[in-house]
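Here is the structure we will look at, set down as structure tokens.
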Amino acid sequence: MASTDAPVQPRKTGLTRRQKRRLSRGVQYAVFVAAVIAFAVTADWDRLQNQFAQADIARQMFPDVITLALKNTVLYTVSGFAVGLALGMVIALMRLSSVGPYRWLAGVYIEIFRGLPALLIFIFIGVAVPLAFPGTEIVGGTYGKVALALGLVAAAYMAETIRAGIQAVPKGQVEAARSLGFSPARAMVSIIIPQAFRIILPPLTNELVLLFKDSSLVLFLGVTLEERELSKYGRDLASTTANSTPILVAGLCYLLVTIPLGLVVRRMEAKAQEAVK
């Protein structure tokens with residue numbers, strides 16, 4: 001006689017997927033807390049304070065660290081960004097051109113200036129250009145040299161960003177503009193480019209943050225006391241005082257600008273994702 005009893009299902013053992021995730025997070029938190037405790041216990045806080053946190057030295061830096069060093073850093077960054085944006089727009093349009101030599105020249109420029117370190121570009125502007133063109137002065141002195149050097153570097157990256165933004169605009173926008181009688185150039189300026197900039201605004205802001213930090217390379221151009229930016233200003237004072245507090249203060253001034261810019265970028269990216277949804 002056949003048995004009518006249902007087969008006994010084996011009892012599942014082990015952790016569920018949710019429990020594994022919780023365990024993994026718990027282990028990561030524990031490792032992090034252990035690392036923080038180990039650093040706090042083993043670090044020589046007195047030596048760190050003496051070398052990096054001398055309040056009297058920090059007070060001596062104000063207000064010059066803001067009114068001189070930070071101001072110059074912002075001026076260098078903004079001027080370099082403006083040059084890079086203008087040049088990057090031209091190179092991006094050349095990259096998209098139907099004329100072969102334009103595309104070739106734009107591609108060569110992008111590959112060269114994306115491949116070279118920014119330091120070499122600064123040295124080239126500061127040393128090679130005066131040797132190649134004796135008696136020639138770049139307009140704006142040091143500010144003009146920094147704007148040109150940063151702009152040449154930024155343009156290579158901005159050109160690719162702008163090109164991608166233009167190509168991301170739906171083709172229907174171009175067709176609609178042409179059907180209304182717009183010429184290709186007018187459609188590009190009035191319809192395509194404004195929409196492309198709405199797409200590429202977050203990565204362009206990221207490029208601004210990178211340029212803000214790259215402005216520290218101005219020291220290789222040879223600057224006067226009134227032309228120093230944050231890094232040069234901090235290093236000079238650190239050498240004078242035989243203490244690293246000025247470098248820490250300069251770093252905090254960088255964060256004073258880069259952190260808000262980073263928050264703005266994340267906010268713009270979140271809005272862009274919401275618009276897509």
Side-chain angles (χ1 to χ4, degrees), residues 76-133 136 138-140 144-175 177-178 182-218 220-221 265 268-269 272 276:
Y76 294 148
T77 303
V78 172
S79 58
F81 184 83
V83 172
L85 185 60
L87 184 57
M89 174 63 71
V90 173
I91 296 172
L93 295 177
M94 291 174 62
R95 187 78 162 163
L96 296 171
S97 174
S98 59
V99 180
Y102 286 170
R103 294 197 307 272
W104 182 81
L105 287 174
V108 170
Y109 177 91
I110 290 171
E111 293 302 324
I112 290 177
F113 282 90
R114 282 199 309 181
L116 289 176
L119 171 60
L120 296 184
I121 306 302
F122 273 81
I123 294 175
F124 175 80
I125 296 298
V127 178
V129 171
L131 290 176
F133 305 98
T136 301
I138 297 177
V139 178
K145 293 178 182 178
V146 176
L148 180 58
L150 289 176
L152 289 173
V153 175
Y157 295 93
M158 290 186 185
E160 287 294 87
T161 301
I162 295 171
R163 178 187 62 80
I166 291 174
Q167 292 180 327
V169 176
K171 293 183 178 180
Q173 299 291 325
V174 181
E175 296 171 354
R178 296 301 301 276
F182 283 64
S183 65
R186 186 182 175 190
M188 177 65 70
V189 173
S190 302
I191 305 297
I192 306 305
I193 291 179
Q195 295 187 57
F197 267 86
R198 292 182 60 185
I199 298 172
I200 65 176
L201 196 54
L204 285 182
T205 309
N206 274 328
E207 185 62 32
L208 180 63
V209 175
L210 295 176
L211 286 181
F212 186 74
K213 294 183 293 183
D214 284 344
S215 64
S216 62
L217 298 173
V218 67
F220 291 97
L221 295 177
V265 170
M268 288 190 297
E269 290 176 344
V276 172

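Because only heavy atoms are used, hydrogens play no part in the values below, and waters and symmetry mates are left out as well, while side chains stay in. Only a predicted model underlies this, so the values are computations on that prediction, with no experimental measurement involved.
Contact check for R186 versus I191: no side-chain heavy atoms found under the 4.5 Å cut-off. Considering only heavy atoms from C-beta on, I162 stays 4.5 Å or farther from L93 through its side chain. Using a 4.5 Å heavy-atom threshold, the side chains of I200 and P203 count as touching. Put simply, the side chain of M94 reaches to within 4.5 Å of the side chain of V90, judged on heavy atoms. Side-chain atoms of F81 and L150, non-hydrogen and from C-beta on, never get closer than 4.5 Å to each other. Between I193 and M89 the shortest side-chain heavy-atom distance falls below 4.5 Å.
Note on residues 99-110: no pairs pass side-chain hydrogen bond (donor to acceptor under 3.5 Å, both in side chains), not counting sequence neighbours.
Distance check: N206 CG to Y157 OH gives 13.5 Å after rounding to the nearest 0.5 Å. Put simply, CG on L119 and CZ on F124 are 14.0 Å apart, with the number rounded to the nearest 0.5 Å. For the atom pair CG of L85 and CG of L211, the computed distance is 10.5 Å after rounding to the nearest 0.5 Å. Taken from CG in L116 to CD1 in I112, the straight-line distance is 7.0 Å, to the nearest 0.5 Å. To the nearest 0.5 angstrom, Y76 atom OH is 14.5 Å from D214 atom CG.
Considering every non-hydrogen atom in both A159 and A92, the closest pair reads O-CB, 3.4 Å. Nearest heavy-atom pair, F122 versus L217, reported as atom, atom and distance to 0.1 Å: CD2-O, 3.6 Å. Contact detail for P130 and G126: the closest heavy-atom pair is CG-O, 3.5 Å. Heavy atoms only, all atoms of each residue included: I125 and A149 are closest at CG1-CB, 4.0 Å. Contact record, I110 with E160: CD1-OE1, 3.4 Å, taken as the closest heavy-atom pair. Nearest heavy atom pair, residue G84 against residue A154, reads CA-CB, 4.3 Å.
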Could you walk me through whether K213 and L210 pass the side chain to side chain contact (heavy atoms under 4.5 Å, CB included) test, one step at a time?
CA-CA 5 Å; K213 294 183 293 183; L210 295 176; 4.1 Å; yes
Evaluation steps, side chain to side chain contact (heavy atoms under 4.5 Å, CB included), between F133 and V129
CA-CA 6 Å; F133 305 98; V129 171; 4.2 Å; yes
Can you list the steps and then say if L96 with Q167 is a side chain to side chain contact (heavy atoms under 4.5 Å, CB included)?
CA-CA 9 Å; L96 296 171; Q167 292 180 327; 3.3 Å; yes
Check against side chain to side chain contact (heavy atoms under 4.5 Å, CB included), F197 and L204:
CA-CA 9 Å; F197 267 86; L204 285 182; 3.7 Å; yes
